Amino acid sequence: MRRRSFFTLLPLALLLPTFGVSGQLIGSPLDCRKTCVCASNIVSCSKVNLTNVPTALPQYTAVLDLSFNSINRLRAEWTPFKLSRLHTLLLNNNGLTFLSSEAFLYVTGLRYLDLSSNGLCLLDEFIFEPLEQLEVLLLYKNHISQIDRTAFSGLINLQRLYLSHNQISRFPLELVKERSRLETLRLLDVSSNRIKVLPLHELQGLPAWIKNGLYFHNNSLPCTCELYDMMARWHLKELSSATDFRGDHKCVLQVSQKEKVPTLDLNKAYLNCSEVKIMDEEAYLEQFLVLDCDTRQKDVVKSWTLPGNVSVSPANKTAVMLPEGNLQIGPLQVEDSGVYICHATGVSLNETLYFTVVVFNSTMSGGLENMKTAYTTLVACLVSVVMVLVYLYLTPCQCACCPGQGLEKNDPTGSLHSSTVSISQANEGIGQDGDDGGGRDFSYRHVPFLETKDQLEQNGRLNPIGEEDEEWQEQKTKRRGSDEQSVSSVCSDTPMVV
């Protein structure tokens, strides 16, 4: 009998641990009198040393506070039915190390989720995808070192994401860059992590309303002038991420690898970076210019004031306000220079941005044409110099005095002799006609038949008729006295006949 009762009680004893474990997995029923406080649609079970989420939660629960307990695993079955009204869930300071991929299937209406100050190490893919209504997600002060790129997919209404005080080594650029970013995200806090590289070029191109809420201070970033340039520009624009934590924005000097210095002081003593200033907008005639009213708040109403305190109106064809709130001006004229003011009016913030536009009294193409003209003139001058040099030094000499190009001085067959002979023959014909007709005797005028030397020295200037012999002899004597004139005369190509 005893043996039979022993074997009967043994299976029941073996089942007791199972019931105990199952009870721990599911949790004890909600007790609003001893362990929790239930006030209308708020259930607060904070600091009561719970190891699991209580069961039998009211379906009208809107706020559930489970903070400061010992709930280290959030399983899929922590609530067996849908809590459609639940919008706030507090699970901070629990030592939570595990999140089921189906943990949020029955609480899709959540707008505020606090998982901070726990022991989470990684965020799996699509883990928060069911939470389409979530606006605030707190994950700071965990041990997160790995974040899947799809972990935050589906959070189409997320506005604030806190990831500070973790072990993140990669900046989650996919959350803020174009096309892949969360459209409503206005605050991303990745401060106090292990990030050593920032995508500076991509961050510079972000809208101001995103940069205003982008916090990355207290990371081990290397000191560079590019980092200083970005931070200095953000500080000049009075972005909250740069001004609120100015003293915490430090970088590591590459020389020491340990010493951290203020990022905004790199232009003074450490790297001697160039000082950053906001420059005026400069343009040329005939150009179009777009003024970007990049405000720190996204949903604002924008309006513009033109130089001379003139408001933008549809009648103004040279200044047009674009759909996104920017101002397009052009084609520009000199009188378009001045200060343009953008007024941004929002629910919690009003901004006024000033743009100084300077229009130069020339066109961009005009400057290029001037350069082309100067270049063409220079080339023409060089070609002219080359042609002159070629003419002076490479042109063949045609003078009679040049070697192989003419006749020697004693050559009796020069052009001067031939000219003199032709004239003499003409005079002989005239003399014969005079003898036949009884006219004057021109025999004494045959003196133009000169010797070769005399012919060359006279440079072809013959006067066979109308001059006396004494004048001819006097001129001949003068020409013999000037050697330079004789030489230059010999080099004449065409003799002159008078």
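The model shown is predicted, which means the values in this text are computed figures rather than measured ones. Residue numbers start at 1 and run along the sequence shown.
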Over 12 foreign heavy atoms within 6.0 Å of CZ, F360: yes
Polar side chain donor-acceptor pair, H235 to T243, under 3.5 angstrom: no
Donor-acceptor pair, side chain of W234 and main chain of K211, under 3.5 angstrom: no
H87, NE2: over 12 other non-hydrogen atoms inside 6.0 angstrom: yes
Side-chain donor-acceptor pair present, S116, N118, cut-off under 3.5 Å: no
cation_pi(K82, Y106) dist<6.0 Å, angle<=45: no
Atom CZ of R181: over 12 foreign heavy atoms under 6.0 Å: yes
Test: R85 cationic atom under 6.0 Å from Y60 six-membered ring centre, within 45° of axis: no
Short side-chain to backbone donor-acceptor contact, D65 and S44, under 3.5 Å: no
From OG (S164) to CD1 (I144), nearest 0.5 Å: 10.0 Å
D248 with K260: basic N within carboxylate O range, under 4.0 Å: no
V359 side chain reached by V357 side chain, heavy atoms, under 4.5 Å: yes
Distance-only polar pair, side chains of S240 and N212, donor-acceptor under 3.5 Å: yes
Evaluation steps, ring pair (Phe, Tyr, Trp, His ring centres under 6.0 Å), between H217 and F245: CA-CA 7 Å; H217 53 276; F245 296 91; 4.1 Å; yes
Contact check, side chains of N326 and C293, non-hydrogen atoms, under 4.5 Å: yes
Atom NZ of K302: over 12 foreign heavy atoms under 6.0 Å: yes
Non-hydrogen atoms of T108 and Q133 that approach each other most closely: O-CG, 3.8 Å
Check against ring pair (Phe, Tyr, Trp, His ring centres under 6.0 Å), F355 and W304: CA-CA 11 Å; F355 301 85; W304 287 86; 5.5 Å; yes
Residues K177 and E202 bridged, charged N to O under 4.0 Å: no
Mutual orientation of the aromatic rings belonging to F128 and F152 [parallel < 30°, tilted 30-60°, perpendicular > 60°]: parallel
Identified side chain to side chain contact (heavy atoms under 4.5 Å, CB included) counterpart of P54 within the set L64, V43, T35, L66: L66
Option passing side chain to side chain contact (heavy atoms under 4.5 Å, CB included) with Y215 (candidates L187, L163, L188): L187
Interatomic distance, L90 atom CG to N69 atom CG [nearest 0.5 angstrom]: 11.5 Å
